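Take a look at the structure below.
Computed from a predicted model, the values in this text were never measured in an experiment.
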Amino acid sequence: MAAIGDLTNAAGVDDEATLRIANRLQHHYVLELLYQEVLLDVLPHDGREKLVVQHDLEIARHVVGYLVRAERDRVTVEPLPWSQDLSRAADADADVRIHQDLPAFAGMLRAVFGPAACADPAQVADILAAGDRGTGLPWGELFAQRSRHNADLAGLALRFGSDKWGARWYARQYQRFFQAYRDRPVRILEIGIGGFQEADRGGASLEMWKRYFPRALVFGIDIEDKRFLETQRLRTFRGNQADPEFLATVLEETGELDIVIDDGSHFCSDQIRSFEYLFPRLAADGLYVIEDMETSYWPGFGGSSSDFSNPATGVGYLKEMVDGLNYEALVSDTTYRRRPTDRSVVGIHFFHSMAIIEKGINEDGGLGAMIPDEVKRQGPRYLMPDYPVPPEFESAPDAAGVATNPSKKPATSGSKTPTGPLPAAADKPGVNATSGK
């Protein structure tokens, strides 16, 4: 996993960085990684069981060759002897022969592992087609078909049998929020792999993420052993999502995560414990998703169908965080108890049975923080006695006090005092200008 991560990061820089990583990892291993990505998701579309590629690299007026044997579930690379004959004949077993100097090799690596600006499946298809020795493979159409199959999450969910489309409708929300991350070398962790105790089932969503994020490293957690799913960009861990010691060992292997998806036990307590450990360790602009939050209303999972604000439920826990989004706007003597997430959560999005939490820096300052406490308590009439307010505020004690003391001025206490009308939102009917906090 570390090697493919290094190669992916280098491919986003330039040819020199890519070749440096290729030299360090050794060319035969890099070719194995390359053809895992290039062929294993293409061969099934053609119905072919096996393909042999001779890949010759021209280095310092010498040629070193490799026989790459790609089958449906694996790629092996066999080194050939060095040669000074730059026109060395192709091996008899080869279906395709590729001959490249190092700049061309770096270009192919960047086309496969680099960002969209570098990733050009047509370029890779042309390279393979040029070396085709009569295999009859329509490389351009195969890569176009592969691209179509991986184009959207709903299609990928159906292809791999994930319940995120059909049984659920999460894919539309994922498409919306994940699109901005698709071209990045992200690290994704999904809690809950599926398949329960069956040794050869599960992993549909992990396969989906691997295709949707072509530069991602994908990790999964489950209480059952799911190592049969592992490939060069996919790794699994066995353990309890609520165990902080286990999660610590996972993070030691994964490094900093960009996206976490909780599709695990669905117990409210587990959802909360996983969030409290993983969210602070998420990347600065990461996303944290909790699925199947209907269990917040099911007593058998720690939920309640009567106490909707219970912070022991997943939904109730997140509801409490909503006030923290606006902590800067509270009156200074509020009894609000600050949460660790107040400064690091910039968005909480609720959908049917799921929530997406955005991480960032929640320190906007702005008008809500600058307005003096007395204006927050008494409303706009504190500054402008004739300011129109909804009828229910006419008889409020603070409003009456303002009417009899129109010349009273607020203490600045280091805050900026507005000299003109308050924001237009206060003019709108039905918008309260006071705070109940």
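- For the residue pair Asn326 and Glu328, no side-chain donor N or O sits within less than 3.5 Å of a side-chain acceptor on the partner.
- At a cut-off of 3.5 Å, with distance as the only test, a side-chain donor of Thr135 or Asp132 sits close to an acceptor on the other residue.
- Between Asp183 and Arg215 there is no salt bridge, since no side-chain nitrogen of the basic residue lies less than 4.0 Å from a carboxylate oxygen of the acidic one.
- Looking only at side-chain heavy atoms (C-beta outward), Leu67 and Val77 stay at 4.5 Å or farther from each other.
- Side-chain polar atoms of Lys359 and Thr341 form no donor-acceptor pair below 3.5 angstrom.
- Looking only at side-chain heavy atoms (C-beta outward), Val289 and Phe178 come within less than 4.5 Å of each other.
- Side chains of Glu358 and His349: a donor on one and an acceptor on the other come within 3.5 Å.
- For Tyr327 and Tyr336, the ring centers are positioned 6.0 Å apart or more.
- Residues meeting the salt bridge (Lys or Arg N to Asp or Glu O under 4.0 Å) test with Lys164, sequence neighbours left out: Glu190, Asp263, Glu291.
- His27 and Asn23 share a donor-acceptor pair across their side chains, judged by distance under 3.5 Å alone.
- When all heavy atoms are compared, the tightest approach of Met1 to Val218 is CE-O, 3.9 Å.
- More than 12 heavy-atom neighbours from other residues, nucleotides or ligands sit within 6.0 angstrom of CG on Leu19.
- A donor-acceptor pair shorter than 3.5 Å can be found between the side chains of Asp270 and Ser265.
- Arg281 places a side-chain N or O within donor-acceptor distance of the main-chain N or O of Tyr277, the cut-off being under 3.5 Å.
- Side chains of Gln100 and Asp56: no donor on one and acceptor on the other come within 3.5 Å.
- Applying the salt bridge (Lys or Arg N to Asp or Glu O under 4.0 Å) criterion to Arg201, with sequence neighbours excluded, gives Glu198.
- Considering only heavy atoms from C-beta on, Arg97 comes within 4.5 Å of Arg133 through its side chain.
- For the ring pair (Phe, Tyr, Trp, His ring centres under 6.0 Å) with Tyr174, the lone residue among Phe213, Trp209, Tyr181, Trp165 that qualifies is Trp209.
- No more than 12 heavy atoms of other residues, nucleotides or ligands shown are found within 6.0 angstrom of CZ on Arg20.
- Inter-residue side-chain proximity for Asp258 and Leu287 is flagged as unmet; no heavy-atom pair is nearer than 4.5 Å.
- Without hydrogens or angle criteria, Lys376 side chain to Ser332 main chain gives no donor-acceptor distance under 3.5 Å.
- Each of Glu37, Glu32, Lys210, Gln36 was scored for a side chain to side chain donor-acceptor pair (under 3.5 Å) with Gln232, with one residue passing: Glu37.
- A 4.5 Å side-chain heavy-atom check between Ile193 and Thr236 finds at least one atom pair inside the cut-off.
- Judged by distance alone, the side chain of Thr313 and the main-chain N or O of Gly316 form a donor-acceptor pair under 3.5 Å.
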